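Some notes on the structure that comes next.
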Amino acid sequence: MTLSLNQWTTRRWSVKEAVDGCVRHGVEAIGLWRQNVAEQGLDETIMLVRDAGLRVSSLCRGGFLTGDSYEEDNRRAIDEAAALGAACLVMVVGGLPGVVPGEPLGEISRDLPDARKRVADALAVLAPYAAERGVRLALEPLHPMYCADRAVLSTLGQSLDLAAPYAPETVGVVVDTFHVWWDPQVFEQIERAGREGRIASYQVCDFLSPLPADVLLGRGMMGDGVIDFGPLTEAVTAAGYAGDIEVEIFNADVWAADPDEVMATMRARFAALVRPL
């Protein structure tokens with residue numbers, strides 16, 4: 001398992017700048033975001049990554065499957081992941097129908113079981129398309145505080161249950177420390193995910209306390225919050241995961257800092273707290 005930069009950690013950087021930064025700092029893989037790829041251009045992004053000798057550890061993101069118009073954009077996301085050779089397409093599955101992140105509540109559905117059924121129904125549509133293109137969909141459970149607006153999947157167990165009907169190489173799960181560290185069943189579910197061959201991505205960052213007013217930005221540099229990374233990394237390793245480990249941070253202070261300084265800190269904290277480089 002080697003270090004990967006999730007592009008959102010150095011949000012100010014374009015794809016080209018992030019690729020160049022990975023080369024400068026000896027990072028072998030990058031997790032890309034679709035909007036940045038669109039700005040750079042898909043073909044140019046493919047060329048930049050290839051020429052730099054980097055792996056694409058993930059493409060973020062597909063998902064938001066609980067609404068009525070998910071299919072076209074997710075098929076496009078699958079095609080992009082295939083073109084990039086991404087190890088997986090991260091799927092943030094969406095919250096309650098009608099709830100829009102950051103917007104006041106209007107007319108919404110409060111039927112949480114139905115929202116989760118919508119995710120299952122959408123997977124039945126998208127998984128065959130992904131399988132045909134050799135793309136692995138990676139269901140990402142999010143911390144329960146995001147259940148209403150971003151992800152009605154809150155635990156690895158829920159995600160694994162939804163993935164179960166499909167081949168592991170078609171539907172896997174994301175183990176993200178920020179989202180799963182609190183779960184009393186996290187180690188049991190990581191072991192299950194490994195046994196079923198479902199771990200598609202391992203992402204790390206810290207959980208800040210207190211959280212900022214915008215809880216989306218509560219992800220901190222490793223060592224700045226409350227997570228004990230060693231046992232989680234040991235569990236993921238014991239479960240058989242051998243892919244890249246992405247550092248994915250949503251944090252206003254990190255985004256405002258010099259991205260090269262962020263990269264240097266990221267490498268040092270990763271080596272000290274997550275896994276030796």
Side-chain angles (χ1 to χ4, degrees), residues 34 58-82 86-101 105-176 178-180 182-186 188-203 239 241:
R34 292 181 62 208
S58 73
L59 180 64
C60 293
R61 55 178 164 66
F64 286 84
L65 307 176
T66 55
D68 295 327
S69 57
Y70 68 86
E71 189 171 348
E72 181 179 352
D73 185 62
N74 277 281
R75 287 180 184 270
R76 187 160 53 246
I78 290 167
D79 291 340
E80 292 164 7
C88 64
L89 173 65
V90 174
M91 303 292 284
V92 175
V93 298
L96 293 171
V99 179
V100 179
L105 292 182
E107 186 173 339
I108 67 168
S109 167
R110 292 177 169 83
D111 189 340
L112 183 56
D114 177 70
R116 290 175 174 147
K117 182 178 182 299
R118 285 171 175 248
V119 176
D121 291 345
L123 274 180
V125 173
L126 295 174
Y129 189 82
E132 289 172 1
R133 284 147 185 81
V135 170
R136 193 179 202 189
L137 306 179
L139 301 176
E140 182 170 19
L142 267 56
H143 190 282
M145 63 185 169
Y146 303 119
C147 185
D149 62 350
R150 284 183 169 83
V152 294
L153 298 182
S154 301
T155 68
L156 280 174
Q158 289 174 317
S159 300
L160 289 166
D161 288 346
L162 272 186
Y166 308 101
E169 61 270 19
T170 300
V171 183
V173 298
V174 180
V175 179
D176 184 317
F178 179 86
H179 294 303
V180 304
W182 61 273
D183 186 350
Q185 293 189 328
V186 65
E188 174 186 338
Q189 294 303 326
I190 288 173
E191 190 277 332
R192 174 189 168 191
R195 187 173 65 248
E196 296 177 4
R198 298 278 180 189
I199 302 179
S201 178
Y202 181 37
Q203 296 180 333
Y241 180 74

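Note that the structure is predicted; figures quoted are calculated from it, not measured.
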Partners passing ring pair (Phe, Tyr, Trp, His ring centres under 6.0 Å) against Tyr70 (at least two apart in sequence or in another chain):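 By the ring pair (Phe, Tyr, Trp, His ring centres under 6.0 Å) rule, Tyr70 matches no residue at all.
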Which residues share a ring pair (Phe, Tyr, Trp, His ring centres under 6.0 Å) with Phe178, sequence neighbours left out: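 Phe178 satisfies ring pair (Phe, Tyr, Trp, His ring centres under 6.0 Å) with Phe207 only.
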His143 backbone acceptor or donor facing His179 side chain under 3.5 Å: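 Confirmed, His179 side chain pairs with His143 backbone.
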Backbone N/O of Thr155 and side chain of Gln158: donor-acceptor pair under 3.5 Å: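 Side chain of Gln158 to backbone of Thr155: a pair is present.
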Drop me the distance from [X]'s [atom1] to [Y]'s [atom2], to the nearest 0.5 angstrom.
{"X": "Asn74", "Y": "Tyr129", "atom1": "CG", "atom2": "OH", "answer": "11.0 Å"}
{"X": "Thr66", "Y": "Asp114", "atom1": "OG1", "atom2": "CG", "answer": "9.5 Å"}
{"X": "Glu140", "Y": "Met91", "atom1": "CD", "atom2": "CE", "answer": "11.5 Å"}

For [X], what residues pass the side chain to side chain contact (heavy atoms under 4.5 Å, CB included) criterion, not counting sequence neighbours?
{"X": "Glu191", "result": "Arg195"}
{"X": "Ala82", "result": "Arg133, Val135"}
{"X": "Asp149", "result": "Val99, Pro101, Tyr146"}
{"X": "Ala148", "result": "none"}

Contact summary for [X] and [Y], nearest pair of heavy atoms:
{"X": "Ser159", "Y": "Leu139", "result": "O-CD1, 3.6 Å"}
{"X": "Ala115", "Y": "Val152", "result": "CB-CG1, 4.0 Å"}
{"X": "Pro141", "Y": "Val180", "result": "CG-CG1, 4.3 Å"}

Inter- and intrachain pairs under side-chain hydrogen bond (donor to acceptor under 3.5 Å, both in side chains), touching residues 163-173, at least two apart: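 Sorted result for residues 163-173: empty, none.
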Salt bridge (Lys or Arg N to Asp or Glu O under 4.0 Å) pairs, two or more places apart, involving residues 64-73: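 Residue pairs passing salt bridge (Lys or Arg N to Asp or Glu O under 4.0 Å), neighbours aside: Arg34-Asp73, Asp68-Arg118, Glu71-Arg75, Glu72-Arg76, Asp73-Arg76.
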Test side-chain contact (heavy atoms from CB on, under 4.5 Å) applied to Val173 and Leu162, step by step: CA-CA 10 Å; Val173 298; Leu162 272 186; over 6 Å; no
Criterion side chain to side chain contact (heavy atoms under 4.5 Å, CB included) against Cys147, the qualifying member of Leu96, Leu112, Leu142: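 Answer after filtering Leu96, Leu112, Leu142: Leu112.
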With sequence neighbours excluded, residues passing side chain to side chain donor-acceptor pair (under 3.5 Å) with Gln203: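 So Gln203 forms a side chain to side chain donor-acceptor pair (under 3.5 Å) with Glu246.
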Results of side chain to side chain donor-acceptor pair (under 3.5 Å) for Glu132 - residues two or more places apart only: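 Partners of Glu132 under the side chain to side chain donor-acceptor pair (under 3.5 Å) test: none.
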Pairing residues for Asp183 by the salt bridge (Lys or Arg N to Asp or Glu O under 4.0 Å) criterion, not counting sequence neighbours: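 Expected list: none.
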